[in-house]
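Here's the structure we're looking at; comments come further down.
Atoms within a ligand are numbered from 1 in the order they appear, just like the ligands themselves. Counting from 1, the numbers follow the sequence of the chain as shown. It should be emphasised that the depicted structure is a prediction, and the values quoted were computed from it without experimental measurement.
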Amino acid sequence: MEKTLFQKICDKELSAQVVYEDADVVAFRDINPQAPTHVLIVPRKPIARIAEADAGDAGLLGRLLLKAAEVARTLGLERGFRLVVNNGPDGGEAVPHLHVHILGGRPMQWPPG
Ligand code: 5GP
């Protein structure tokens, strides 16, 4: 099966500004930032979207979220940040490889667009 865009970034076949990586997850700066800090954190495992994760992914998903908060701290987002997971066409998903957006560096609005 062809690798996803984010698998290619994880495997260093495409360049990106990686800010954190370990055996399970990779975090890198979004190419089209929507906030002063905009990082994507992805599992190396190519789960297409959160709706397609299963119970066997629970540990990985927990580590993904915990690591998102840790990356936010290391990026200096003490005033706060937003985590976003887009799912499917109405959710605004463009890349079918699960990713959590870490957005910060400005006050966020609610409701989101
Ligand atoms: P989605 O809309 O699927 O939740 O978010 C996909 C995100 O991936 C977008 O914010 C988009 O800017 C980002 N993105 C798309 N292609 C690339 C790329 O090649 N490199 C990086 N670093 N980010 C990308």
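Leu5 CD2, 3.4 Å is the protein heavy atom nearest to atom 16 (N) of ligand 1. Ranking the protein heavy atoms by distance from atom 22 (N) of ligand 1 puts Arg29 O, 2.9 Å first. Asp30 OD2, 3.3 Å is the protein heavy atom nearest to atom 9 (C) of ligand 1. Annotation: atom 2 (O) of ligand 1 to nearest protein heavy atom, Gly92 O, 2.8 Å. Closest to atom 6 (C) of ligand 1, if we only count protein heavy atoms, is His99 NE2, 3.5 Å.
Distances between N or O atoms of Ala94 and those of ligand 1 include at least one value under 3.5 Å. The shortest N or O to N or O distance between Val95 and ligand 1 is under 3.5 Å. Taking only nitrogen or oxygen atoms, main chain and side chain alike, His38 does not reach within less than 3.5 Å of ligand 1.
Linking Ile, Leu, Val, Met, Phe, Trp and Tyr whenever their side-chain heavy atoms come within less than 4.5 Å leaves Phe81 and Val42 in two separate clusters. The hydrophobic clustering, which links ILVMFWY residues whose side-chain heavy atoms are closer than 4.5 Å, places Leu83 and Leu75 together. There is no path of hydrophobic side-chain contacts, each under 4.5 Å, that joins Leu5 to Ile41.
Screening Gln17, His99, His38 for a side-chain contact (heavy atoms from CB on, under 4.5 Å) with Asp30, the sole residue that qualifies is His38.
Residue contacts with ligand 1: Ile9 is included, with a non-hydrogen atom under 4.0 Å away. A heavy-atom separation below 4.0 Å is not found between Gln17 and ligand 1. A heavy-atom separation below 4.0 Å is not found between Gln34 and ligand 1.
The option with the heavy atom closest to atom 20 (N) of ligand 1, from among Ile31, Asn32, Leu40, is Ile31.
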